[in-house]
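Chain identifiers are assigned alphabetically (A, B, ...) following the order of the sequence lines, protein sequences preceding nucleic acid strands; residue numbering begins at 1 within each chain.
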Amino acid sequence: MFELRWIRDNGEEFDRGLRRRGLKALSAEILALDREWRAAQTRLEETRARQKRLAKEIGAARKSGEAIAGLQAEGAEAKEEESAAEAEAQRIKAAIDEILWGVPNLPAEDVPEGADESANRVLRRYGEPAAFDFPPESHERIGERLGLMDFARAARLSGSRFVVLKGALARLERALSAFMLDLHTREFGYLEISPPLLVRDEAAFGTGQLPKFGEDLFRTTGGHYLIPTAEVPLTNLVAGEILEESALPLRFVASTPCFRSEAGAAGRDTRGMIRQHQFLKVELVSITRPEDSEAEHERMTACAEEVLKRLELPYRVVVLSTGDMGFAAKKTYDIEVWLPSQGSYREISSCSDCGPFQALRMKARYRLEGGKGTRPVHTLNGSGLAIGRTLIAILENFQRRDGGLALPQALRPYLGGMEEIA
RNA sequence: GGAGGGGUGGCCGAGCGGUCUAAGGCGCACGCCUGGAGAGCGUGUAGACGGUGAUGAAUCGUCUCGCGGGUUCGAAUCCCGCCCCCUCCGCCA
């Protein structure tokens with residue numbers, strides 16, 4: 001979310017950013033409302049000051065036994081004026097909020113401009129896609145052939161976009177979760193968190209899912225939202241707080257189920273477990289000082305990449321174009337893993353620098369050391385990694401001609417020494 | 001789910017319709033004192049928004065006593081709704 005104060009001083013930059021996102025300029029409309037609001041605010045404060053003064057006079061007069069009827073009449077009149085001024089100020093503020101709450105973050109300068117993913121830019125590649133001397137199978141064929149991946153029963157239980165994993169694959173999923181958590185906590189200094197999976201709407205607003213993207217979320221009868229990513233609870237951990245500068249950066253990691261309605265994805269990735277209503281994901285969140293967020297973004301992406309390196313999976317890193325970025329992001333790196341059956345790279349992680357955008361929504365700030373005043377923190381989030389898709393990548397990249405598959409060395413300690421699935 | 005109690009500043013805690021511009025204490029910071037430290041004494045001790053001013057220093061106003069409404073000339077204080085915490089009972093992994 002953007003501050004009115006910032007838009008006032010940076011109207012052109014604001015509009016330019018919006019246009020880069022393919023949106024229309026808004027500063028003129030917002031600033032006109034802002035001028036109205038400030039005028040209304042000033043009127044409101046003046047009437048309030050007058051009202052307070054009268055109330056005190058009445059108190060003093062009563063004490064000294066003077067007549068107060070005249071003053072009371074004046075007070076009643078002041079009160080009416082105050083109510084009218086307040087209603088006016090509130091009306092204008094509501095109009096401003098409605099616009100502001102729906103404005104996405106502005107892209108960083110170095111984000112390539114474009115309407116969609118075709119404008120994304122590949123930054124680097126790691127590893128070589130294995131050359132198969134047989135036609136590689138898709139993960140769902142491998143999983144079903146092994147009898148360890150059951151879409152039919154999942155559909156009977158829950159409908160489409162669900163899966164049942166069995167035996168070695170269920171174990172593999174658990175191993176991936178433990179492996180990633182260990183890596184991020186032991187080697188990269190993240191604090192492991194086990195957060196709630198159901199959150200209230202304030203939390204979903206803070207990270208930017210609401211008010212615009214409620215359609216993508218599952219909602220309980222009790223009014224909770226199921227988290228679409230642990231980014232929501234992890235980032236909102238600092239909502240409403242004033243942190244000490246010395247406490248930053250904060251780094252959180254959690255492995256959680258994620259729930260997505262996939263409302264706008266009908267017909268896309270309908271086969272296999274690429275796109276599910278429920279999936280496991282290890283999420284990284286950092287809370288930093290403004291001057292540290294860019295470096296933290298690179299660091300976080302490197303942490304996610306390290307998972308793929310250790311799992312011996314070929315990948316590439318792309319920077320998303322202005323048209324492909326999410327609502328809250330100022331810059332996003334996607335990590336895409338090689339999927340032999342599709343002959344292409346598919347997203348397995350998305351690391352975003354949100355700048356102060358989410359912090360302003362959830363009122364998370366920090367106190368400057370030695371100085372005075374507070375500033376909004378910067379927030380970052382990234383998958384490290386999506387576990388369902390990592391499992392897919394392992395099945396496909398490690399498959400053998402005999403129909404079985406080897407397992408990456410790094411995971412074996414988490415699999416009780418299991419070396420292959422056959 | 002039922003019954004009751006409660007949410008006040010960094011923390012504890014008083015206030016329960018009219019200088020509350022929130023007592024007092026603790027903590028913290030600075031100063032005095034000291035050879036140094038402690039004790040003691042003094043001073044200070046939040047955030048948000050708006051105005052004046054150069055987006056600095058400063059200064060004025062408004063808001064914030066869990067959140068939102070209401071009553072009243074006036075609300076931390078009274079009323080209603082919501083959220084959260086605690087105690088007891090019931091249920092429960």
Say we look at [N] and [M]: how far apart would their [atom1] atoms be, to the nearest angstrom?
N	M	atom1	value
B:A46	B:A22	C1'	14 Å
B:G81	B:A93	C1'	33 Å
B:C79	B:U72	C1'	12 Å
B:C33	B:A23	P	30 Å
B:A48	B:C89	C1'	44 Å
B:A14	B:G9	C1'	13 Å
B:C16	B:U77	P	12 Å
B:U64	B:G74	P	14 Å

For [X], answer base if it contacts any base atom (sugar-phosphate contacts may also be present), sugar-phosphate if it contacts only those atoms, and nothing otherwise; contact means non-hydrogen atoms under 4.0 Å.
X	value
A:Arg8	sugar-phosphate
A:Gly75	sugar-phosphate
A:Trp37	sugar-phosphate
A:Gln51	sugar-phosphate
A:Lys52	sugar-phosphate

Between [options], spot the one nearest the side chain of [X], thanks.
X	options	value
A:Thr374	B:C49, B:C73, B:G47	B:G47
A:Gln72	B:C73, B:C49, B:U62	B:C73
A:Glu45	B:G47, B:U62, B:G51	B:U62
A:Asp9	B:U55, B:G61, B:C73	B:U55
A:Ala49	B:U62, B:G50, B:U71	B:U62

Could you check if a side-chain atom of A:Val103 sits within less than 4.5 angstrom of a side-chain atom of A:Phe14, using non-hydrogen atoms only?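 Contact flag for A:Val103/A:Phe14 side chains = yes.
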Are the side chains of A:Val238 and A:Met362 in contact, using a 4.5 Å heavy-atom criterion?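 Contact flag for A:Met362/A:Val238 side chains = yes.
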Which base, if any, makes a Watson-Crick or G-U wobble pair with [N], both distances under 3.5 Å?
N	result
B:U55	none
B:G10	B:C26
B:G1	B:C89
B:C67	B:G81
B:A76	none
B:G61	B:C49
B:C32	B:G40

Whichever of A:Arg38 and A:Arg200 has its nearest RNA chain B nucleotide further upstream toward 5':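 Here A:Arg38 is the residue nearer the 5' end.
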First of A:Leu54 and A:Gln90 reached from the 5' end of RNA chain B, by closest nucleotide: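 Its nearest nucleotide lies further toward 5', so the answer is A:Gln90.
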Within this structure, what is the [atom1]-to-[atom2] distance between [X] and [N], rounded to whole angstrom?
X	N	atom1	atom2	result
A:Ile242	B:G9	CD1	C1'	12 Å
A:Glu36	B:C49	CD	C1'	18 Å
A:Lys56	B:U19	NZ	C1'	6 Å
A:Leu243	B:G47	CG	C1'	14 Å
A:Glu244	B:A29	CD	P	13 Å
A:Met362	B:G47	CE	P	19 Å
A:Arg48	B:C49	CZ	C1'	11 Å
A:Glu241	B:G66	CD	C1'	15 Å

Can a side chain N or O of A:Arg367 be found less than 4.0 Å away from OP1 or OP2 on B:G47?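 For B:G47, OP1/OP2 do have a side-chain N/O of A:Arg367 under 4.0 Å.
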Within the pair A:Lys363 and B:A48, is there a side-chain N or O less than 4.0 Å away from OP1 or OP2?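 No, no such contact exists.
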Determine whether a donor-acceptor pair (N or O, by modelled atom type, separation under 3.5 Å) exists between the side chain of A:Lys330 and the backbone of A:Ala108.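 Answer holds: no.
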Which residues share a ring-ring contact (aromatic ring centres under 6.0 Å, His included) with A:His277, sequence neighbours left out: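 Result, ring-ring contact (aromatic ring centres under 6.0 Å, His included) vs A:His277: A:Phe162, A:Phe218.
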ring-ring contact (aromatic ring centres under 6.0 Å, His included) partners for A:Phe398, two or more places apart: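 A:Phe398: no ring-ring contact (aromatic ring centres under 6.0 Å, His included) contacts found.
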Name the residue from A:Arg5, A:Arg8, A:Lys93 that meets the salt bridge (charged side-chain N to carboxylate O under 4.0 Å, His left out) definition with A:Asp34.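 The salt bridge (charged side-chain N to carboxylate O under 4.0 Å, His left out) with A:Asp34 is passed solely by A:Arg8 among A:Arg5, A:Arg8, A:Lys93.
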Is atom CD of A:Glu113 surrounded by more than 12 heavy atoms (other residues, nucleotides or ligands) closer than 6.0 Å?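 Atom CD in A:Glu113 is crowded, with more than 12 foreign heavy atoms closer than 6.0 Å.
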If the threshold is 4.0 Å, N to carboxylate O, is there a salt bridge linking A:Glu262 and A:Arg161?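 Salt bridge: no.
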Per the atom types in the model, does the base of B:G50 pair as donor or acceptor with the side chain of A:Gln41 at under 3.5 Å?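 Side chain to base: no pair present.
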